[in-house]
Amino acid sequence: MERSYFEPYKTKMTEPLYLSSGAEREEWIRRAKYNLFNLRSHQVMIDLLTDSGTGAMSDRQWAAIMTGDESYAGSSSYEHLKETIREITGFDYFLPTHQGRAAENVLFSVLVKSGDIVPGNSHFDTTKGHIEFRKARAVDCSVDEAFEIDSDFPFKGNVDLAKLEKILKENPSSKIPMVIMTLTCNTTGGQPVSMENLRAVSHLARKYGVRLFIDGARFAENAWFIRTREPGYEKTPVRDIVREMFGYADGMTMSSKKDGLVNIGGFIGFREEELFRLATTFNIMFEGFITYGGMAGRDMNALSVGLKESTTLEYLEARTRQVALLGEMISQYGIPVIRPYGGHAIFVDALRFLPHVPREEFPAQTLAVELYLEAGVRGVEIGALMADRDPVTRKNRFPALETVRLAVPRRVYSDNHMRAVAEGLKQVWDRRDTIRHGMRIVREAPILRHFTVELVRVTKKEP
Ligand SMILES: *Cc1c(COP(=O)(O)O)cnc(C)c1O
């Protein structure tokens, strides 16, 4: 008899959930102006807004917190983290930062200037923001499959080498400070990059004299997908895959709130001492002294343990299995989701879910609100609201994908929670034909409007 799967950990501490009624949620979401970011945490039963900084730490991590060294300079927690980062990634030099976007800010302060071009697979929003803030351009060279919902291509995070080479060929290397590969690619659905592609991108970058950096927020999940999907890696230890991945790059930025398994933190890894020295000045200005850079000693300690835990087979199996289970349970009801399932989230296709809701009335936001009302589950709209208006014409932009993202926090929820999410979605699915109207904006900010936007329901016009 084949034994059932079980998680390689047990629970030592619990946090109660407030079990709300539909009537309460109706009132709360109205007061939140139909913006899920405005809800208080107790108004949400299962929170799949993000997997960033929302994970549960292990008892080893909490124990490491108690032995943090809070010295301003020369902290042993820094030395320990430096050793761990070298061991896991192979980068000899590193700077701690308070989170991932801070790592981008410091690194780009050294390397990116006005008029530059930074190609890669689909850049994460803060990465793109920090590039565009410097009047440089982020060029998306993702493979076409990345934007095809039904394609089962296993490495939708890959770069199209022809698109990348065109950019490298047509521009002087002095205008291209780096190529950035995001592992896994969050923007296109938590999709992995293959080792073969990473190797080829690295060769291309070197051929044209351009540095390659990895945005490694979910590097461990990427390594898992290489092991399970790429021929030749079936038996390779996760840590060896991780070392090989980073071995193709000149450095990395990291949001430790993801695969660092901590609630706050980030870092930059460098191969070159000279670049590390240049970045150090900016780190001291923006983040803090070299040996803490915006992190407490205790948090650096927890990160050292977290990086080791996230690069084990047992952890990664539990993690990716649960996300895939959610995807499977939702798919079983015939609900359209992006495939293959991402490493950290499931993306529900709102255009096919709510075909009667016009795009001008934000179908994904409408679906996210309906799911909240139905089951107290908070997802997030990744669609026209988030895509904002065109900066020149001020017209709404309608991106190719209009989805609700259900991001699964690490080690927080059980499979039963996942089942409740899928069932809640099924109940909305069953009454989808009655949902014919969406949302209308009543107030919005000029940039990044989705965080603070205020909406009302569009009510049916009288005939
Ligand atoms: C979260 C994230 C970032 C930014 O990190 P923060 O810690 O949120 O500042 C950068 N890149 C990717 C791919 C991310 O997922």
Side-chain angles (χ1 to χ4, degrees), residues 4-7 11 14-29 32 34 36 39-51 54 56 149 189-190 318-357 363-383 402-436 438 457:
S4 293
Y5 175 85
F6 57 86
E7 286 74 12
T11 308
T14 63
E15 181 180 345
L17 297 176
Y18 175 71
L19 304 181
S20 57
S21 68
E24 282 175 314
R25 292 194 292 275
E26 191 69 63
E27 171 64 14
W28 291 332
I29 194 69
Y34 298 93
L36 296 148
L39 291 171
R40 310 270 182 86
S41 62
H42 77 271
Q43 297 169 339
V44 177
M45 290 198 283
I46 302 176
D47 203 349
L48 307 187
L49 183 70
T50 175
D51 65 324
T54 52
I149 293 191
R319 165 72 176 152
T320 51
R321 180 198 150 279
Q322 187 176 51
V323 174
L325 178 75
L326 175 63
E328 212 43 49
M329 288 191 295
I330 294 172
S331 296
Q332 268 174 18
Y333 295 125
I335 299 170
V337 300
I338 295 186
R339 299 184 57 96
Y341 307 132
H344 68 291
I346 298 300
F347 294 71
V348 183
D349 179 0
L351 293 183
R352 276 193 277 173
F353 196 117
L354 295 179
H356 305 306
V357 177
Q365 181 67 13
T366 305
L367 177 56
V369 167
E370 290 297 338
L371 177 61
Y372 170 70
L373 288 172
E374 186 68 53
V377 174
R378 174 159 67 174
V380 69
E381 187 251 21
I382 311 263
E402 171 89 15
T403 62
V404 175
R405 184 186 76 178
L406 303 169
V408 183
R410 295 167 178 77
R411 306 191 289 207
V412 170
Y413 293 113
S414 73
D415 292 354
N416 286 331
H417 292 106
M418 297 301 109
R419 186 169 304 112
V421 172
E423 287 172 359
L425 206 51
K426 161 81 159 82
Q427 278 166 313
V428 181
W429 178 246
D430 287 344
R431 58 179 173 80
R432 65 189 182 281
D433 284 340
T434 66
I435 304 170
R436 294 184 167 258
R457 282 178 191 277

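Positions are given from 1 along the sequence. Side chains included, hydrogens not; waters and symmetry mates left out as well; all remaining heavy atoms used.
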Find the distance between [atom1] ([X]) and [atom2] ([Y]) and round it off to the nearest 0.5 Å.
X: T50; Y: L406; atom1: OG1; atom2: CG; result: 12.0 Å
X: Y372; Y: I29; atom1: OH; atom2: CD1; result: 6.0 Å
X: M418; Y: Q322; atom1: CE; atom2: CD; result: 4.5 Å

Answer yes or no: is there a donor N or O on one side and an acceptor on the other, between the side chain of R436 and the main chain of H356, under 3.5 Å? no
Main-chain N/O of L49 paired to R378 side chain as donor or acceptor, under 3.5 Å: no
Do V348 and T403 touch side chain to side chain, with heavy atoms closer than 4.5 Å? no
Do I338 and D349 have side chains that get closer than 4.5 Å, going by heavy atoms? no
Can you name the nearest heavy-atom pair linking [X] to [Y], along with the distance?
X: R25; Y: A375; answer: NH2-N, 4.0 Å
X: R319; Y: P409; answer: NH1-O, 3.6 Å
X: A420; Y: I46; answer: CB-CD1, 4.0 Å
X: A364; Y: A350; answer: CA-CB, 3.5 Å

I'd like to check the ring-ring contact (aromatic ring centres under 6.0 Å, His included) partners of F353; sequence neighbours left out, ordered by chain and number. W429
Among residues at least two apart in sequence or on other chains, which ones pass ring-ring contact (aromatic ring centres under 6.0 Å, His included) with Y341? none
All side chain to side chain donor-acceptor pair (under 3.5 Å) counterparts of Y5, not counting sequence neighbours: none
Between the side chains of R405 and D51, is the shortest nitrogen-to-carboxylate-oxygen separation below 4.0 Å, so that they form an ion pair? no
Are there over 12 heavy-atom neighbours, none belonging to R40, within less than 6.0 Å of that residue's CZ? no
